[in-house]
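Worksheet: the structure to be examined is printed underneath.
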Amino acid sequence: MRRRLLPLGWYAARAALAAALCLAACRRDPAAAALEEGEPGEADALDLERMIRQKRYVPYQPAEIFHDGAVMRRPPDGTVPNDRMTGDPALTRGVAGGAHADRIPVPVTLDLLRYGQERYEIFCAACHGVAGDGESEVARNMTQRRPPSLVDPRVQAFPPGRIYQVIVEGYGLMRSYEPHIPLAERWAIVAYVKALGKSRAAALDALPPPLRERAQKELP
Ligand code: HEC
């Protein structure tokens, strides 16, 4: 039996319908679609585009509702950021009375070191190397000043507050990590940088007895 050809217009109409459905689907907000599958009526109640349509000011636009006509408001005098660090500057800045903190001002525990390792590997290792020795892909490709080794005696001799200060303020070409690494994480990183240094070269009698015995047995 011969197939009967449908008129061309029929195919065109079908294609147009498919395209229209497709476009309609593209417009649909996935959140609204998900809601529609839930409770009936919920999606109707929730107008998800109201914030786009609502009357609003844009930044820097004049605003007659304020006495000075400026839409962008200044915080009231004396306002401080809620994350402003206050208290002992040795703890918050690593420097007090012009001297770097010579001790880590938080309890140094194994958990702190593990946390420090995690944060170090996220924030510092890309440049200073996972082992802290300055061997990293970034360092090898750095055309200006290479990130220095943090385990060499020069940096290891820094008081803890000096390393902390570098994290907060940056140093030379290195940017400040103040906005990204909060206080407790900074000290954890400082502790870990110190631990990395110790892991490089430790006198046998500085080790706790069980480790010392193992080292004496296993080291050449
Ligand atoms: C994007 C690369 C990069 C990252 C990430 C980075 N540093 Fe650095 N760091 C450098 C460079 C480059 C220098 C040398 C800057 C200079 O001398 O101008 C430096 C210098 C230092 C110094 C030595 C300062 C001195 O007095 O010699 C310390 C300590 C240090 N970084 C610690 C850290 C710690 C801790 C982190 C992680 C929180 C970190 N750095 C993350 C690139 C980096």
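Below, each value reflects all heavy atoms present in this structure, side chains not excepted, and no hydrogens, waters or symmetry copies. First listed ligand is number 1; within each ligand, the first listed atom is number 1.
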Self-check item: Test item, R154 contacting ligand 1 (heavy atom, 4.0 angstrom)
Solution: yes
Does [X] reach the main-chain N or O of [Y] with its side chain, forming a donor-acceptor pair under 3.5 Å?
| X | Y | result |
| --- | --- | --- |
| Y164 | T92 | yes |
| R119 | I189 | no |
| Q61 | V58 | yes |

Any idea which protein heavy atom is nearest [atom], and the distance to it?
| atom | value |
| --- | --- |
| atom 5 (C) of ligand 1 | Y177 OH, 2.9 Å |
| atom 18 (O) of ligand 1 | L173 N, 2.8 Å |
| atom 12 (C) of ligand 1 | R145 O, 3.6 Å |

Contacting atoms of ligand 1, where contact means under 4.0 angstrom from a heavy atom of [X]:
| X | result |
| --- | --- |
| F123 | 5 (C), 37 (C), 41 (C) |
| I167 | 35 (C) |
| G172 | 18 (O) |

Self-check item: Check: Q165 and R93 side chains under 4.5 Å, non-hydrogen atoms
Solution: no
Self-check item: Check: L207 and E213 side chains under 4.5 Å, non-hydrogen atoms
Solution: no
Relative to [Y], does [X] satisfy both conditions: NZ or CZ under 6.0 angstrom from the six-membered ring centre, and within 45 degrees of the ring's axis?
| X | Y | result |
| --- | --- | --- |
| R73 | F66 | yes |
| R186 | F123 | no |
| R154 | F158 | no |

Please list, chain by chain and in numerical order, all residues satisfying side-chain contact (heavy atoms from CB on, under 4.5 Å) with [X], sequence neighbours excluded.
| X | answer |
| --- | --- |
| R114 | L110, D111 |
| V106 | L91, I104, L112, W187 |
| A99 | none |

Quiz prompt | Within less than 2.8 Å of atom 8 (Fe) of ligand 1: protein N, O or S atom count | solution =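 If we list every protein N, O or S atom nearer than 2.8 Å to atom 8 (Fe) of ligand 1, we get 2.
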Which bit of [X] gets closer than 4.0 Å to ligand 1, counting heavy atoms only: side chain, backbone, both or neither?
| X | result |
| --- | --- |
| R162 | side chain |
| I181 | side chain |
| M142 | side chain |
| F158 | side chain |

